[in-house]
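One structure below.
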Amino acid sequence: QVQLVESGGGLVQPGGSLRLSCAASGFTFSSYAMSWVRQAPGKGLEWVSDISTDGGSAYYADSVKGRFSISRDNAKNTLNLQMNTLKPEDTAVYYCAKGGRVTWKAFGSWGQGTQVTVSS
């Protein structure tokens with residue numbers, strides 16, 4: 001079955017950086033667009049970014065554009081999210097999800113999440 005395991009979260013000061021990773025298994029990773037989504041305290045899931053199957057195209061929510069960068073390594077079945085210039089409003093549990101911006105909810109597959117806390 002689909003398994004997605006996120007890592008790399010933690011506590012960081014405003015303006016800092018973190019790099020999240022997601023290890024995927026149980027499906028043909030290279031055949032699917034992938035997304036990062038997040039859930040802030042008391043809020044619903046929010047799509048953050050997605051990347052095409054070959055990594056050639058990437059899209060971002062306006063709230064993270066210019067600060068976050070998504071990438072993938074199809075040889076290693078790994079999805080990454082480089083987060084720079086972090087803000088307190090980026091505090092959330094981050095999940096990697098199978099599918100792109102339009103399809104991730106329909107696939108219904110995401111991991112257990114990794115907590116990112118941005119605070120001084």
Side-chain angles (χ1 to χ4, degrees):
Q1 71 276 21
V2 174
Q3 284 198 323
L4 299 163
V5 180
E6 301 92 342
S7 62
L11 173 64
V12 63
Q13 292 186 341
S17 298
L18 280 174
R19 183 176 176 85
L20 307 184
S21 293
C22 171
S25 61
F27 65 106
T28 306
F29 180 75
S30 59
S31 295
Y32 292 89
M34 294 293 294
S35 292
W36 284 98
V37 301
R38 67 186 181 185
Q39 186 167 29
K43 297 189 177 181
L45 286 167
E46 173 194 21
W47 173 84
V48 173
S49 177
D50 69 9
I51 188 166
S52 60
T53 54
D54 65 356
S57 298
Y59 299 92
Y60 301 91
D62 288 344
S63 58
V64 307
K65 200 172 295 182
R67 300 187 297 120
F68 289 13
S69 178
I70 191 171
S71 62
R72 67 189 297 163
D73 185 338
N74 285 341
K76 297 181 179 179
N77 287 359
T78 301
L79 180 72
N80 302 299
L81 186 69
Q82 178 66 42
M83 305 187 296
N84 298 327
T85 319
L86 283 160
K87 304 176 181 180
E89 51 263 44
D90 294 318
T91 295
V93 178
Y94 284 72
Y95 303 87
C96 68
K98 178 183 173 184
R101 178 174 53 179
V102 175
T103 59
W104 69 272
K105 281 188 180 179
F107 283 128
S109 295
W110 48 86
Q112 84 291 343
T114 187
Q115 176 71 48
V116 172
T117 302
V118 185
S119 175
S120 55

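When reading the values below, keep in mind they use all heavy atoms of this one structure, side chains included, and skip hydrogens, waters and symmetry mates.
Between the side chain of Gln3 and the backbone N or O of Gly26, no donor-acceptor pair lies under 3.5 Å. Judged purely by atom type and a 3.5 angstrom limit, Ser120 has no side-chain atom pairing as donor or acceptor with the backbone of Gln13. Remark: the backbone N or O of Glu6 is paired with a side-chain donor or acceptor of Gln112 at under 3.5 angstrom. At distances below 3.5 Å, at least one donor-acceptor pair connects side-chain atoms of Ser35 with backbone N or O atoms of Gly99. With hydrogens and angles ignored, the 3.5 Å screen pairs a side-chain donor or acceptor of Ser49 with a backbone N or O of Tyr59.
Applying the side-chain contact (heavy atoms from CB on, under 4.5 Å) criterion to Leu45, with sequence neighbours excluded, gives Val37, Gln39, Tyr95, Trp104, Trp110. Among residues two or more places apart in sequence or in another chain, the side chain to side chain donor-acceptor pair (under 3.5 Å) test is passed with Asn84 by Ser17, Gln82. Scored by the salt bridge (charged side-chain N to carboxylate O under 4.0 Å, His left out) test, Arg38 finds Glu46, Asp90 as partners (sequence neighbours excluded).
The two residues Cys96 and Leu79 come nearest to each other via the heavy atoms CB-CD2, 3.7 Å. When every heavy atom of Leu86 is checked against every heavy atom of Leu18, the shortest pair comes out as CD1-N, 3.9 Å. The heavy-atom pair separating Arg19 from Ser71 by the smallest distance is NH2-OG, 4.0 Å. Closest of all the heavy-atom pairs between Ser109 and Val2 is CB-CG1, 3.8 Å. Between Gln115 and Val93 the shortest heavy-atom distance is OE1-CG2, 3.2 Å. When all heavy atoms are compared, the tightest approach of Leu4 to Ala24 is CD2-CB, 3.6 Å.
In this structure, CE in Met34 is found 12.0 Å from OG1 in Thr53, a value given to the nearest 0.5 Å.
At a threshold of 4.5 Å between non-hydrogen side-chain atoms, the residues Leu20 and Met83 count as touching.
Applying the salt bridge (charged side-chain N to carboxylate O under 4.0 Å, His left out) definition to pairs two or more places apart or across chains, those involving residues 47-63 are Asp62-Lys65. Every pair passing ring pair (Phe, Tyr, Trp, His ring centres under 6.0 Å) that includes a residue from residues 18-46 is listed here, sequence neighbours excluded: Phe27-Tyr32, Tyr32-Phe107. Listed by first then second residue, pairs satisfying salt bridge (charged side-chain N to carboxylate O under 4.0 Å, His left out) with a partner in residues 96-107 number zero, not counting sequence neighbours.
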